[in-house]
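A quick write-up on the structure given underneath.
Hydrogens, waters and symmetry mates are skipped; everything else that's a heavy atom, side chains included, is used. Nothing here was measured: the structure is a model prediction, and the numbers come from that model. Here is the naming used below: chain letters follow the sequence lines, and residue numbers restart at 1 for every chain.
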Amino acid sequence: MKIVFMGTPDFAVPILDKLVKEHVILAVYTRAPKVSGRGNRINKTPVHLWAEAHQIPVHTPKSLKSEEEQAIMRSYQADLGIVAAYGLLLPQAVLDMYPKGCINVHASLLPRWRGAAPIQRAIEAGDKQSGISIMQMALELDAGDVLAQEATPINKNTTGGDLHDTLADIGANLLCHTLANLDTITPIKQDESLVTYAEKLDKTECLIDFKMAAEKLVAKIRAFNPYPAMYFMYKGERFKVYEAEVCDMSDTPGKIIDGKKRLVITTGDNAINITKIQREGKQPMLINDLLRGFQFDNGTLI
RNA sequence: CGCGGGAUAGAGCAGCCCGGUAGCUCGUCAGGCUCAUAACCUGAAGGUCGUUGGUUCAAAUCCUUCUCCCGCAA
């Protein structure tokens with residue numbers, strides 16, 4: 001099939017890799033390059049770079065609402081639009097533009113976790129599984145009829161990064177499988193009573209609140225590993241926490257109980273034993289490595 | 001030119017401000033002790049102190065070039 005692809009982050013790249021082998025990608029739409037990163041350089045999105053490497057035309061409109069942009073998109077005369085974490089809303093005119101409509105790859109088992117950060121929110125909430133939903137897009141966000149789903153388990157060690165990679169992979173395969181069988185699939189409406197929303201990740205929620213329950217905190221740390229990463233401040237320095245486990249011990253929340261041979265800090269109900277950490281200016285490392293040359297003062301309240 | 005931290009033994013760090021034979025914790029290897037151990041004791045190996053040039057009697061340390069890594073902000 002002839003396809004116009006719309007996507008932005010890393011998540012979309014494995015999907016493109018797979019898609020390009022089985023279909024014709026006429027054009028790629030992605031977010032415009034913007035000033036970002038160290039040195040404030042102008043950086044192109046991962047999808048943008050992929051498209052350039054494959055010599056496929058790239059468009060980076062700020063919006064698809066204008067007639068002009070829609071006319072450009074229409075000129076490709078594609079059969080189908082594919083969307084994977086694009087970041088722009090598609091107007092009805094765009095959805096109607098393609099004979100086969102627009103199909104979206106979403107990283108959750110819809111109707112659970114519609115929205116911006118389904119991968120992290122699923123882990124944070126303690127879900128036992130996540131998955132990919134392929135859906136026929138509707139105007140309302142992530143509300144379209146589901147064409148296919150595939151689940152994957154979330155276990156005690158699954159990080160946000162792990163799940164991201166796994167789902168991108170599943171998404172690529174499931175999308176291609178779905179496209180191959182598109183004519184035989186019966187779309188299924190989402191059960192509106194089961195809808196939940198995955199709030200966008202916010203920097204302000206990354207500062208660890210040690211009054212939280214240990215178990216919830218550990219889940220959030222896992223969900224936010226490796227990005228955006230939960231952290232705490234100690235003597236004016238930021239420490240990102242990548243891995244931690246619940247630990248039986250009770251005291252004033254936020255107190256360093258043991259900072260010499262391991263790092264145990266109390267929480268609202270219990271305590272967490274931090275096992276992987278990153279200092280400013282350093283790579284993430286196991287706590288044992290850090291403690292060979294760096295020590296936390298016992299009894300310090302964070 | 002957005003702000004800032006860092007590169008020292010296999011790992012993690014100190015030393016740098018106030019130049020003077022490179023150190024700590026751990027790991028590794030050898031030996032010892034022990035019923036036994038991730039315990040303890042003794043000993044050993046292992047570093048052109050990221051790169052370039054300079055200052056100096058002398059540079060990990062002061063100045064300079066470049067490379068790489070990372071935190072913040074957006």
Side-chain angles (χ1 to χ4, degrees), chain A residues 7-13 29-50 58 60-63 85-89 115-117 119-120 124 157 159-162 164-165 198-210 217-218 220-249 254 256-265 271-302:
Chain A
T8 293
D10 287 322
F11 181 76
V13 171
Y29 279 69
T30 189
R31 297 291 286 270
K34 60 178 180 182
V35 170
S36 68
R38 230 168 268 129
N40 277 4
R41 297 184 202 290
I42 295 172
N43 292 308
K44 293 172 180 173
T45 70
V47 165
H48 195 144
L49 295 172
W50 183 93
V58 181
T60 60
K62 286 202 174 75
S63 160
Y86 182 31
L88 284 188
L89 258 110
I119 298 172
Q120 288 83 356
E124 182 187 359
N157 300 317
T159 66
D162 295 335
H164 170 279
D165 294 348
E199 289 293 313
K200 199 163 81 173
L201 303 176
D202 189 324
K203 285 278 173 65
T204 60
E205 65 178 316
C206 294
L207 177 58
I208 293 178
D209 173 9
F210 283 99
L217 183 53
V218 167
K220 191 162 188 175
I221 287 167
R222 221 156 27 84
F224 282 34
N225 166 5
Y227 180 85
M230 299 293 287
Y231 69 91
F232 63 85
M233 300 300 291
Y234 173 78
K235 294 189 175 175
E237 191 179 348
R238 180 184 303 237
F239 288 81
K240 285 189 176 180
V241 179
Y242 288 96
E243 289 174 15
E245 57 194 22
V246 178
C247 184
D248 269 330
M249 217 170 276
I256 296 176
I257 296 298
D258 187 348
K260 304 299 180 188
K261 290 194 170 172
R262 51 186 195 149
L263 179 56
V264 176
I265 304 177
I272 57 170
N273 180 26
I274 293 170
T275 52
K276 193 171 182 183
I277 198 166
Q278 180 181 24
R279 258 180 107 176
E280 288 178 16
K282 300 291 188 179
Q283 304 275 10
M285 64 185 78
L286 296 177
I287 194 69
N288 287 337
D289 288 331
L290 178 64
L291 293 181
R292 283 198 187 93
F294 185 93
Q295 306 235 296
F296 294 92
D297 294 335
N298 289 341
T300 307
L301 277 172
I302 293 172

Roughly how many Å apart are [M] and [N], using the [atom1] atom of each and rounding to a whole number?
{"N": "B:U28", "M": "B:U64", "atom1": "P", "value": "42 Å"}
{"N": "B:C66", "M": "B:A9", "atom1": "C1'", "value": "25 Å"}
{"N": "B:C62", "M": "B:G6", "atom1": "P", "value": "12 Å"}
{"N": "B:G20", "M": "B:C29", "atom1": "P", "value": "36 Å"}
{"N": "B:G4", "M": "B:A59", "atom1": "C1'", "value": "26 Å"}
{"N": "B:G27", "M": "B:C1", "atom1": "C1'", "value": "44 Å"}
{"N": "B:G43", "M": "B:G53", "atom1": "P", "value": "41 Å"}
{"N": "B:C49", "M": "B:G15", "atom1": "C1'", "value": "11 Å"}

[N] [atom2] sits how many Å from [X] [atom1], rounded?
{"X": "A:R292", "N": "B:A38", "atom1": "CZ", "atom2": "P", "value": "15 Å"}
{"X": "A:R41", "N": "B:C3", "atom1": "CZ", "atom2": "P", "value": "12 Å"}
{"X": "A:L286", "N": "B:G12", "atom1": "CG", "atom2": "C1'", "value": "11 Å"}
{"X": "A:F296", "N": "B:C13", "atom1": "CZ", "atom2": "P", "value": "11 Å"}
{"X": "A:I42", "N": "B:C1", "atom1": "CD1", "atom2": "P", "value": "15 Å"}
{"X": "A:L291", "N": "B:G27", "atom1": "CG", "atom2": "P", "value": "14 Å"}
{"X": "A:F294", "N": "B:C13", "atom1": "CZ", "atom2": "P", "value": "9 Å"}
{"X": "A:Q295", "N": "B:U25", "atom1": "CD", "atom2": "C1'", "value": "8 Å"}

Is any side-chain heavy atom of A:S63 less than 4.5 Å from a side-chain heavy atom of A:L88?
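The answer is no, as the side chains (C-beta and beyond) never meet within the 4.5 Å cut-off.
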
I want to check something: taking the side chain as every heavy atom from C-beta on, are A:T275 and A:L286 in contact at a cut-off of under 4.5 Å?
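In short, these two side chains do not touch, never coming nearer than 4.5 Å.
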
Ignoring hydrogens and geometry beyond distance, is a side-chain donor-acceptor pair present between A:D162 and A:T159 at under 3.5 Å?
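Indeed, the side chains of A:D162 and A:T159 share at least one donor-acceptor pair under 3.5 Å.
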
Go ahead and name the base partner of [N]; Watson-Crick or wobble counts if both distances stay under 3.5 Å, otherwise write none.
{"N": "B:U21", "value": "none"}
{"N": "B:U37", "value": "none"}
{"N": "B:C16", "value": "none"}
{"N": "B:G27", "value": "none"}
{"N": "B:C72", "value": "B:G2"}
{"N": "B:A7", "value": "B:U67"}

Going 5' to 3' through nucleotides 65-74 of chain B and flagging B where a protein heavy-atom sits under 4.0 Å of the base, S where only the sugar-phosphate is that close, and - otherwise, we get ----SBBBBB

Please work out whether the ring planes of A:F11 and A:H164 are parallel, tilted or perpendicular, with thresholds of 30° and 60°.
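Geometry flag for A:H164 against A:F11: perpendicular rings.
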
Is the ring pair A:F239/A:F232 parallel, tilted or perpendicular, if the boundaries are 30 and 60 degrees?
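The arrangement is parallel - the two ring planes meet at less than 30°.
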
Taking A:Y231 for the side chain and A:Q278 for the main chain, is one N or O donor matched with an acceptor at less than 3.5 Å?
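It does not hold such a pair.
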
So, the side chain of A:D258 versus the backbone of A:L263: is there a donor-acceptor pair under 3.5 Å, distance only?
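Checked: no pair found.
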
Between A:Y86 and A:Y29, ring centroids under 6.0 Å
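No, they do not, as the ring centres are separated by 6.0 Å or more.
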
